[in-house]
Structure formats: C-alpha cells, structure tokens
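Shown next, in structure tokens, is the structure this report addresses.
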Amino acid sequence: MLTAILTCGLGMTLTSCSDSDDKDSGKETVNPATDEDGYTIEVEAGLTLPENEFKTKVPATTDFDQNIVNALKAIDKVTDVKPYKLVHVFNPYTDQFFSKTAYFFNYKQDIDHNDPSKGWFKQQCVLTVAGKDRPTVLLTEGYALGSAQDYKNRLDSIFEPTLVGVLDANCLQVEHRYFGWSLPEGFTNKWNYLTATQNSADLHTIVTAIKKSGIVGQGKWLSTGVSKPGMTSAYYAYEYPGEMDAYVPFCAPFLLSQNEPGSYNHILSADALGSRLEKVKAAFRAYCGNKTLQSETVKLYKKEYPEDSNYDDESVRMYLLEILFDSHWKRMSYVHYSLWESLVPKEGDSADKFLIFILSNDRTRYKGEYDIDYQRRQDYVDDLEPVTDIFNDTTEGLNRASGITNSRMDPFQAHTFIELGSVAVTLGWVDDLLSEKEKTRLTSSASPESEGFTYDNGKYIRKVLDGIKQSSCNMMFVYGMQDPWTGNRIPDDKLGKNCQILYIENGIHNDAIDTWNASERNQLFQWLAGLGFDM
C-alpha cells in the first residue's frame, strides 16, 4: 500500500499513562480521568480521539466458553476480556461469510521492553478457538485490528488469515503497537518506541503467555500476514527464531532506502503481465503525450464531479495525471488483470474511456466480478486504506487527495520514515512525454527529515535479511507475480537453509489460497504437512 495520512474524526477525548518523552516532552496534552485499571491515553493538544465503537456498539455475546474466559482472565497482564461475535468470517471453500465467537482482551504491554520502568500500554488482541489440539495461527498484524485507519475499532468485522480455515486452526491476532488503540505514547505524534524490535517483543510476550495458559498451544504454531503483516512476521522470525513451527509471510517487501524502485520496476516488467503489459504502456503513452486528450478528460471530470468545478483546469489535469499512476498501482495490487483488461484504452479512444481507466481502482466494482469476490476485496482494502476514498468519495473535492494534515500522522508512514523505507515512482515508460514540472509532481514525496525523523538508511532491514539467511526457521515466502510489491521480494541469496519462495502465477496482493491453481496450493500444503501440520 502506498503511504497515506489519515484525518481523524471527532469523538470523546482520553489521555495517556506513558511518561513524557525526550524530544516531544514540551507538547501540551490534556488529561481526563483514568479507567478501572488506572490507565489513560495521552492525547496531544489539537488532536481528538474518536469514539471506540468496539466498547460502545459491539455487544458481548452469551454464546461463549466460560473456561476460555476464565483462563484468559487468569493470565497476568490480561485485562478487559470480552467474548463477542466475529460476524464476517469468510470460508473460501464455500464462498460464504459466517459468524464465530471471538475473545477480545487487552494485554498490559511494556512501552519500552528495554526499560519496563517507562510504564505500560494496553495492546489489543483477539483470539478464536477451534480446539486445544488444533494448530494456532498468529496474525502478526502490521496495522490496526479492524477499520485500520479510522480508529472506529469495529472488531466484529475483522477478517482472519486464509490459513486459519485451511488448517481448521485457532487464531491469535495482535494489533501492532502505535496503531488503532494500542498506543504506547497515546494519541500523539511521538514515535519513540515504534520499531520492529519492540513490536516483535510484544508478540513474544503475548505468545508466551497464551502458550502457558493452556487455552491453545498444544498443536503446531504458525505466523503469517499479508504485506506489512507479512513483513512483521519476517521480523518476528528474525528476532525470535524458532518460536513458531512455521512462518508464511505473503507479499512481504524488503526496502533498503526511502526510494526503492523495485516495485514500480516490477509493474513495468514482463513478469507482471507478460505481453499484455504493452497494451497498458501504450495507454499511458497515449494519455501522457496528448495535452488535448488531457483537457477533454478534465472537462468530463468536472462535469462528473461538479464539486470540483471551482478548481482551475491545470490543477485538475495534474490531479488526474497523479491518479492515473496511483490507480494503476492499486489495480495491479488488488484486482486481477482479467477484470480490468477491457477498460484499457488505446490511442484514438474517447476521453470518456480514458477517464474511466484513470479512475478505476481497487474500490471499483468490475463487470463480471462475483459479489463474493468484490466484497472480499473491499473488506481487505478497507482495513489497509484511509477511510476517505480519494477516488469514489467526492464530498471533499480535490482536497481529498491532500497529503500531510495537522492530525495524527499515519503510524505506517512514521514507521517507513524510521526503518522500513518506501518505494519510488518510476517513469521510464513515459519519461520522454512529461515536463519537468509533471515529473516532479509525480515523484515528489515527504522525506523523513521534513517530518522530523531520522531514517536508519536500511540498517535494520539488512540485519533482518542477513539474519534470515543464517536462520534455520521454516519459512515460505509467497509472492504474486502481478503484485507490484513482488519487485521488492526477499533476494534469493538471503534465504536460509529451511526457507523457500513460492510464486503465484496470477497472484495479487493477498493470501487468497483458494484462487491459486492446484499445483501452487499443493506446494504450500505439502510443505506444511512435512512440518507436522494436520492437512
């Protein structure tokens, strides 16, 4: 997912139990009452914490196992146990959604694992139980649990990894620190403990506690995740090798700088769409090289979105040029080419057809797409992207595409600035057709320095890659060949002796194992069976 900044809604205001810290200690905060555990969430002046909808709108259920509740409550540092109904569980083999009982709990986590005296914060976890003797899948979440970017916290609609259904497994989901309601330094723009090492220690302490509890853990353990959660799984394997019986990161990129070109280069490579890519390249060149065509699309756009009619034509033209590239990234990531191939225009086509191509993205409902597949994609995308959809939500006009806001920074972007790196736009296919102004607009992005961060220049990711190479962990990295992020896959020379890569021929940015061909599924299933997982 491309980096994004969220805009926070209005709601109740809380405060924090963390100490004032270092470079941010001078920031004014507000301090309302604490909860029953003596816990507060610090809120930086000028920010407003939204309503926690899991607390206020998701009821507890009476359909639960009291023994599980008792066992969770008996775990030191576990609090706020609440059984509820997870209503949007997807079974890919029946193409149906169903409900199941889930057990929410908070874990009192150290703010700084190197110095417990700094205090603690509440980290959100969700557990579903198939049986003590069943495997347990750990979702090493890289974002928030549920409604990732808007803080509504609707945990009743979170989804589970596909491997949970494949293995008939228990599932433990742990929210990544600084995301959602797992806030070491409160709802502020302080990021002193946002590192993969600290988050891996979070996972270690929670997994250790759950294993000791006896609720689950008698079967095999596997950690997994897609995209940043997949990256998080790899970092966890590096930091705590052997804690899991298997690690299966899906679509996990490894970026060594703030301007890694690999993902965009993959979009341009024959590996992505083969010869079909030439049709896409031709469409880009037909648009980028034709100012008359661009002007016609501007007129059509303003007619379609009258709320943007006050913007001058040049602003709208530049905006549509940006959307052309961003929409293509999102289609390549989340939508199979077969669904949008018919939308690719050719030179000489009408401005109307070009505008449809520009605006169609991962939110679009494509002709011929099954209801279940569309809903499944929206569930996944909604957890990864800001709640304000810059393509289909027209209520804010062109301002909906704005970048940095005066609200809380997206913790994902903060983490990229600290140690994860970011991708660079590559314009090789249209470079000769663009002005210097257009190139600057398309390739410019915020830098760590401009936002007050000091990037580690890829030091941590290099340590992870070198560590995986030396590790004996059982790891299978899965990458889709249409997915842009495959351009930043783990290098072959960094695979440990028990590591391998599985490439999915028509794969995109997800873990939809049921959409793979039989050979691809069998490679994963046989590997898991060889490790003792009951298939």
Side-chain angles (χ1 to χ4, degrees), residues 35-37 39 51-94 96-109 122-141 144-148 151-175 180-182 202-203 205-224 379 383 534:
D35 70 8
E36 62 273 16
D37 295 305
Y39 178 66
E51 176 186 7
N52 184 336
E53 293 194 2
F54 181 70
K55 284 188 174 181
T56 60
K57 296 182 180 179
V58 178
T61 181
T62 57
D63 179 21
F64 66 90
D65 187 330
Q66 188 65 52
N67 291 327
I68 295 174
V69 170
N70 293 343
L72 284 171
K73 288 182 175 180
I75 297 174
D76 185 35
K77 297 187 177 182
V78 164
T79 185
D80 308 316
V81 177
K82 176 181 176 179
Y84 72 100
K85 281 298 180 182
L86 190 57
V87 297
H88 225 199
V89 183
F90 179 66
N91 185 331
Y93 298 103
T94 63
Q96 292 179 334
F97 289 96
F98 63 97
S99 65
K100 65 194 299 188
T101 299
Y103 298 86
F104 169 86
F105 62 94
N106 276 313
Y107 190 87
K108 294 181 179 179
Q109 193 67 260
K122 288 187 176 183
Q123 189 163 29
Q124 293 197 138
C125 305
V126 172
L127 176 69
T128 57
V129 180
K132 288 185 178 182
D133 60 344
R134 298 307 306 156
T136 300
V137 171
L138 170 68
L139 174 60
T140 49
E141 184 58 76
L145 292 178
S147 300
Y151 294 89
K152 288 185 177 180
N153 205 34
R154 291 308 299 260
L155 301 183
D156 52 336
S157 60
I158 60 175
F159 61 89
E160 295 184 314
T162 306
L163 281 169
V164 173
V166 169
L167 296 171
D168 185 25
N170 310 301
C171 182
L172 173 63
Q173 304 193 39
V174 180
E175 187 165 73
W181 293 77
S182 301
D202 295 342
L203 295 169
T205 58
I206 292 169
V207 167
T208 300
I210 292 295
K211 284 183 175 180
K212 287 181 177 179
S213 74
I215 302 169
V216 297
Q218 295 181 11
K220 296 284 186 176
W221 280 74
L222 175 152
S223 73
T224 190
D379 288 344
D383 269 352
D534 179 9

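Basis for what follows: all heavy atoms, side chains included, without hydrogens, waters or symmetry-related copies.
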Within this structure, what is the CG-OG1 distance for the pair L172 and T140, rounded to the nearest 0.5 Å? 10.5 Å

So, are D534 and R134 salt-bridged, with charged N and O less than 4.0 Å apart? yes

Full working for side-chain contact (heavy atoms from CB on, under 4.5 Å) between V216 and W221: CA-CA 10 Å; V216 297; W221 280 74; 4.1 Å; yes

Steps toward side-chain contact (heavy atoms from CB on, under 4.5 Å) verdict (K57, D156): CA-CA 10 Å; K57 296 182 180 179; D156 52 336; over 6 Å; no

Can you label the angle between the Y103 ring and the F64 ring as parallel, tilted or perpendicular, going by 30° and 60°? perpendicular

Find out whether L167 and K220 are in side-chain contact, i.e. whether some heavy atom of one side chain is under 4.5 Å from a heavy atom of the other. no

T136, N67, V129 screened by side-chain contact (heavy atoms from CB on, under 4.5 Å) with I215, the one that passes: V129

Going by distance alone, is a donor N or O of one side chain under 3.5 Å from an acceptor N or O of the other, for K122 and S182? no

Under a 3.5 Å distance rule, please check whether Q173 uses its side chain to pair with a backbone N or O of E141 as donor and acceptor. no

Give a yes or no on whether the backbone of A71 and the side-chain of S213 come within a donor-acceptor separation of less than 3.5 Å. no

Heavy-atom side-chain proximity of T101 to K85 below 4.5 angstrom: yes

For L155, does its backbone N or O pair with a side-chain atom of Y84 as donor and acceptor, under 3.5 Å? yes

Assess whether atom NZ of K100 is packed by more than 12 heavy atoms of other residues, nucleotides or ligands within 6.0 Å. yes

Answer whether the closest heavy-atom distance between the side chains of L145 and N153 falls below 4.5 Å. no

Measure the shortest side-chain to side-chain distance between P83 and V69 over non-hydrogen atoms and say whether it is less than 4.5 angstrom. yes

Would you say K82's side chain and V58's backbone share a donor-acceptor pair under 3.5 angstrom? yes

